[in-house]
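For this chain, numbers begin at 1 and follow the sequence in order. In this text, all values refer to a predicted model and were calculated from it rather than measured experimentally.
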Amino acid sequence: MPTTPSSSAEDPQVRWDAQDPPVRWDAQDPPVRWDADLLGEGFESAVLPLPGGDRATLIAHREGRAEIGLADDCVVLYIHGWSDYFFQSHVAQFWADHGAAFYAVDLRGYGRSIDFDDPEVRPGYIEDLTEYDDELEAAMAIIEAEHPGSRLILAGHSTGGLIVSLWADRHPGRISALVLNSPWLEFQLSSATRKFITPLLQWRSRRSADSPLKVNLPNFYSQSVFQSHGRLPYDIRLKPAESFPVYPAWLAAVFAGHEAVEQGLSIDVPVLVQMSTMSMRQSTYTEEMSTADIVLNVDLLAQRAPSLGSEVVIHRIKGAMHDVFLSSRHVQGAAFAGIDRFLAGYL
């Protein structure tokens, strides 16, 4: 079992093909072992064994699912962002109120899946985003066993939004919709900067793969969340204020995904892309940071979003933070209303 500390939460490229296809996972072999989850009542989690001895964690929301709703024949599978994990129980309840079953994955090296007893652990480390196909396939096998015939909606935040977008492009016909929360579709400085940096990252990853980049990531985002909620609604051991170390190979893998989006994807289902109306980057913290995306450049995201497919809905929300559903309650309400409209019009 993964080692997980107690939660402090009270509420809540050019397109590529994986050379090695993901292992097709049988949900009943070995049997799935569901345990009580750190989110408490109404949630369970199960270990997903992965090739090479890695592991991910599948979280399931088990209570309060409406019998009739806009998504009553659907299952939602949510993927978190960088230096993150699933803790947004109110998002799970939103989907349950609409009749959907809700699951989330803590990817290998994140959140519940981190082995804190391993002195050599590199949180979040990956060299190719297609490797996450393993945990997506494992999760989907369990979902299909528990909800045969249900339609699947993939949801993703930030890096998770990039991961599920690339997966959906490579796997047509597998899902019914894609719902993205500030997806990391382009490097926040510019595509030109990304293209310039990529060869340097590749050289650095070959020369010293185990050495992270010297990147100063201030804890402004944690401060803005605290300002919005009066507390941090997550466990800072699983989502550290200063972020995970940034390894060159990981960043090169993300940049490859950005390049694929720039070249154009062909996602064959409706896509909802939600983000703030404003980004903010400055050297000192101000209260206005709790009403803007201080992580990504939302104008670049809005420019890239149409490259995902032929049916893309862009919803920009005034006052939204990087994780739209960590914003103020009023802003969250606007975001949830946007999903309602999307479900009613496209699903």
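- For the pair Arg62 and Trp34, the cation-pi criterion (under 6.0 Å, within 45° of the ring axis) is fulfilled.
- Here the side chains of Glu311 and Val269 are not in contact, with every heavy-atom distance at 4.5 Å or above.
- Tyr247 carries Arg122 over the face of its six-membered ring, with the cationic atom under 6.0 Å from the centre and within 45° of the normal.
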Could you check Asp293 against Ser276 for side-chain hydrogen bond (donor to acceptor under 3.5 Å, both in side chains), going step by step and ending with a plain yes or no? CA-CA 6 Å; Asp293 190 323; Ser276 183; over 6 Å; no

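- Side-chain contact between Thr286 and Met289 is present, with heavy atoms from C-beta onward closer than 4.5 Å.
- Side-chain contact check for Val324 versus Gln332: every heavy-atom pair is 4.5 Å or farther apart.
- Every pair tested for ring-ring contact (aromatic ring centres under 6.0 Å, His included) that includes a residue from residues 198-219 fails, sequence neighbours excluded, so the list is empty.
- Under the 4.5 Å side-chain criterion, counting only non-hydrogen atoms from C-beta, Gln274 is not in contact with Asn181.
- Between the Arg112 side chain and the Phe86 main chain, a donor and an acceptor come within less than 3.5 Å of each other.
- Using a 4.5 Å heavy-atom threshold, the side chains of Trp184 and Leu296 count as touching.
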Test log, rule ring-ring contact (aromatic ring centres under 6.0 Å, His included), inputs Phe244 and Tyr110: CA-CA 10 Å; Phe244 291 160; Tyr110 288 88; 5.7 Å; yes

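- Remark: Asp84 engages Lys239 in a salt bridge (charged side-chain N to carboxylate O under 4.0 Å, His left out) (not counting sequence neighbours).
- Among pairs with a residue in residues 67-78, those fulfilling side-chain hydrogen bond (donor to acceptor under 3.5 Å, both in side chains) read Asp73-Arg151, at least two apart in sequence or across chains.
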Take His90 and Phe94 through the ring-ring contact (aromatic ring centres under 6.0 Å, His included) test and state the conclusion after the steps. CA-CA 6 Å; His90 62 300; Phe94 165 82; 9.6 Å; no

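- Here the side chains of Ser279 and Ile294 are not in contact, with every heavy-atom distance at 4.5 Å or above.
- Side-chain contact between Val105 and Thr57 is absent, with no heavy-atom pair separated by less than 4.5 Å.
- The shortest side-chain heavy-atom distance between Phe336 and Phe325 falls under the 4.5 Å cut-off.
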